[in-house]
Novice: 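What follows is a single structure, and I will ask about it in a moment.
The first residue in the sequence is number 1, and the count goes up from there. Values reported hereafter were calculated over all heavy atoms of this structure, with side chains retained and with hydrogens, waters and symmetry mates removed.
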Amino acid sequence: MRRAVLCGYYGMGNGGDEALLATLLQMLPDDVQPLVLSANPKATENLHQVEASDRYSVFGLLSVLSRSDLFVWGGGSLMQDATSARNPIYYGGLMGLAQGMGLQTIAWAQGVGPLQRKLSKWIAKRAFQGCKSISVRDRQSALLLADWEVNSIVAPDPVWALEAEPMNIYRDLATPKVAVVLRSHPMLTSCRLATITEALQLIQQQTNANLLLIPFQPTQDKAIAQAICDALNDKFPKRSQIIIQKDPRKLKGIFRGVDLTIAMRLHGLIMAASEGCHCSAISYDPKVSYLMENLGISGWELADLPDDARTIADIWIRDLEHKNEAIAQRVCQLKQDVLLHKKILSS
């Protein structure tokens, strides 16, 4: 058995990153024994049934690396300095340490950038140049690595391939069912949130829809979901609810049986589309904009969200009534292409 240390944004309570970990564990070869670096090792062990260690413990890191053969870095947007300048330092430092201790290092399903600082770019370049193999989840990342003369495999986000666990929670809910996956962001102002809420009320008024508000990272997203849910239930009682699910397989399974998902979060859109649900995006990040364009779904950049709630509601109602069947073919192809991420784990 080979021992592999898995490093990502794990144990942070983010449904998308936990879904990436679940998919990585699903794709690992049978002869690899994983150990996950986590911000909450006990939660990770309980959720994924895998050994975990504290990602912040220096002695713990040295211990697990000294007993391991592989270091798998990813997936997700780890090497970027838009959210924090510390990200490249932390992940680049771990990569350098693993490489210095003789471990084979694999960068798996990476989203590279944005990198706005010279130091971040230098750290990222050195980290990727030392990798045995690399897969990225978008062409922009591959082009950035190519500028550094680093080869990579391009494949869609791995969560397309995550095996969902169906959730039988809709027996008493009338159709249509609309899921809403929003997240906190400086551009999601109180005015824009009020406009979105009004648009959702218009949907309920016109279609009698049941609304499912799904916080992917409850510590950040639940307050937004609660504010919308309260406003909707004031006008249409018992037709809106908040669903919190920590298990990423069950989280993905929630979208099976939903008619439309309106999402800011990338993995909300991926999970929904993967389970056959039609989607509409509100993009706060280029990765969401890229997926919106790639799938050919409706949506807006958050900064350009219309001020008129009726304009937004009309698009969402149209999506409910006229599904684009071509999206299903595209999703099927994405699920096949994702297996390229599995290939580099066996090389």
Side-chain angles (χ1 to χ4, degrees), residues 5-9 16-17 20 23-24 27 70-161 265-267 269-270 281 283-295 301-303 330 333-334 336-347:
V5 177
L6 312 184
C7 172
Y9 195 71
D17 289 289
L20 284 167
T23 311
L24 174 55
M27 288 186 173
L70 304 173
F71 185 88
V72 182
W73 177 35
S77 300
L78 303 177
M79 193 55 81
Q80 50 83 20
D81 58 9
T83 58
S84 173
R86 292 174 294 182
N87 287 337
I89 296 171
Y90 175 80
Y91 292 111
L94 279 180
M95 284 291 283
L97 182 60
Q99 290 164 0
M101 295 177 69
L103 279 72
Q104 289 187 344
T105 52
I106 298 172
W108 180 79
Q110 292 279 323
V112 189
L115 294 164
Q116 302 165 341
R117 299 167 176 84
K118 289 183 179 180
L119 178 60
S120 298
K121 293 176 183 178
W122 181 82
I123 292 172
K125 183 177 179 180
R126 289 289 298 271
F128 283 110
Q129 285 177 335
C131 288
K132 175 183 177 243
S133 52
I134 301 168
S135 69
V136 295
R137 63 184 188 181
D138 60 85
R139 195 158 299 280
Q140 289 84 352
S141 295
L143 291 173
L144 178 56
L145 294 180
D147 287 341
W148 297 338
E149 298 182 346
V150 175
N151 294 324
S152 63
I153 293 173
V154 185
D157 189 285
V159 175
W160 286 105
R265 287 197 176 272
L266 175 72
H267 289 108
L269 294 167
I270 290 173
S283 177
Y284 71 97
D285 187 281
K287 64 188 178 185
V288 180
S289 303
Y290 175 77
L291 181 64
M292 181 168 58
E293 179 182 352
N294 193 24
L295 288 180
E301 300 293 326
L302 180 54
R330 180 60 185 144
Q333 185 61 53
L334 287 166
Q336 291 297 316
D337 294 343
V338 160
L339 298 179
L340 289 171
H341 290 302
K342 184 176 182 177
K343 181 179 178 181
I344 72 164
L345 296 171
S346 302
S347 60

Novice: Counting only heavy atoms not in Asn294, do more than 12 fall under 6.0 Å of its CG?
Specialist: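 Yes, because the 6.0 Å sphere around CG of Asn294 holds more than 12 heavy atoms from other groups.
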Novice: Look at atom CZ of Arg117 and say whether more than 12 heavy atoms of other residues, nucleotides or ligands are closer to it than 6.0 Å.
Specialist: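 Counting other residues, nucleotides and ligands, CZ of Arg117 exceeds 12 neighbours.
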Novice: To the nearest 0.5 Å, what is the distance between OG1 on Thr105 and NZ on Lys132?
Specialist: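 With rounding to 0.5 Å, OG1 (Thr105) is 9.5 Å from NZ (Lys132).
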Novice: Against Ser152, only a single residue in Leu143, Val112, Leu144, Leu145 fulfils side-chain contact (heavy atoms from CB on, under 4.5 Å); can you say which?
Specialist: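 When Leu143, Val112, Leu144, Leu145 are each tested with Ser152, the side-chain contact (heavy atoms from CB on, under 4.5 Å) holds only for Leu145.
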Novice: Nearest 0.5 Å, what's the CD1-CG distance between Ile270 and Leu334?
Specialist: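 Rounded to the nearest 0.5 Å, the CD1-CG separation comes out at 8.5 Å.
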Novice: As an exercise, state the distance from NE2 of His267 to CG of Leu20, rounded to the nearest 0.5 Å.
Specialist: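 Those atoms lie 4.0 Å apart.
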Novice: Indicate whether any N or O donor in one side chain lies under 3.5 Å from an N or O acceptor in the other, for Ser141 and Asp138.
Specialist: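 Looking only at side-chain atoms, Asp138 and Ser141 do form a donor-acceptor pair, the distance falling under 3.5 Å.
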Novice: Look up atom CG in Asp337 and atom CZ in Arg137, then write down how far apart they are to the nearest 0.5 Å.
Specialist: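 If we round to the nearest 0.5 Å, Asp337:CG and Arg137:CZ are 16.0 Å apart.
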Novice: Taking atom types as modelled, find out whether Ser289 and Asp285 have a side-chain donor-acceptor pair closer than 3.5 angstrom.
Specialist: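 No pair is found: no donor N or O on one side chain lies under 3.5 Å from an acceptor on the other.
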Novice: Would you call Gln333 and Pro156 a side-chain contact if the rule is heavy atoms closer than 4.5 Å?
Specialist: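 In short, these two side chains do not touch, never coming nearer than 4.5 Å.
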Novice: Determine whether Gln140 and Pro286 make a side-chain contact, defined as any pair of heavy atoms from C-beta on separated by less than 4.5 Å.
Specialist: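 No - every pair of side-chain heavy atoms lies 4.5 Å or more apart.
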Novice: Please give me the minimum heavy-atom distance between Ala127 and Cys131, naming the atom from each residue.
Specialist: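 Result for this residue pair: O-SG, 3.4 Å.
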Novice: Which pair of non-hydrogen atoms, one from Pro88 and one from Ile123, has the smallest distance, and what is that distance?
Specialist: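 Reported closest heavy-atom pair: O-CG2, 3.2 Å.
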Novice: Show the nearest heavy-atom pair for residues Met79 and Gly92, with the distance to one decimal.
Specialist: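 What the structure gives for the nearest pair is CE-N, 3.8 Å.
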Novice: Quick one: are Tyr90 and Leu78 in side-chain contact, heavy atoms under 4.5 Å?
Specialist: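 Counting from C-beta outward, Tyr90 and Leu78 never come under 4.5 Å.
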Novice: How many angstroms lie between atom CD1 of Ile344 and atom CD1 of Ile106, to the nearest 0.5 angstrom?
Specialist: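 Reported value, rounded in 0.5 Å steps: 6.0 Å.
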Novice: Side chains of Ser135 and Gln110: any donor to acceptor distance under 3.5 Å?
Specialist: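 No - no donor-acceptor pair under 3.5 Å links their side chains.
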Novice: At their closest point, which heavy atom of Lys342 faces which heavy atom of Met27, and how far apart are they?
Specialist: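 Minimum heavy-atom separation between Lys342 and Met27: CG-O, 3.6 Å.
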Novice: Going through the checks in order, is the side chain to side chain contact (heavy atoms under 4.5 Å, CB included) test met by Trp108 and Trp73?
Specialist: CA-CA 6 Å; Trp108 180 79; Trp73 177 35; over 6 Å; no
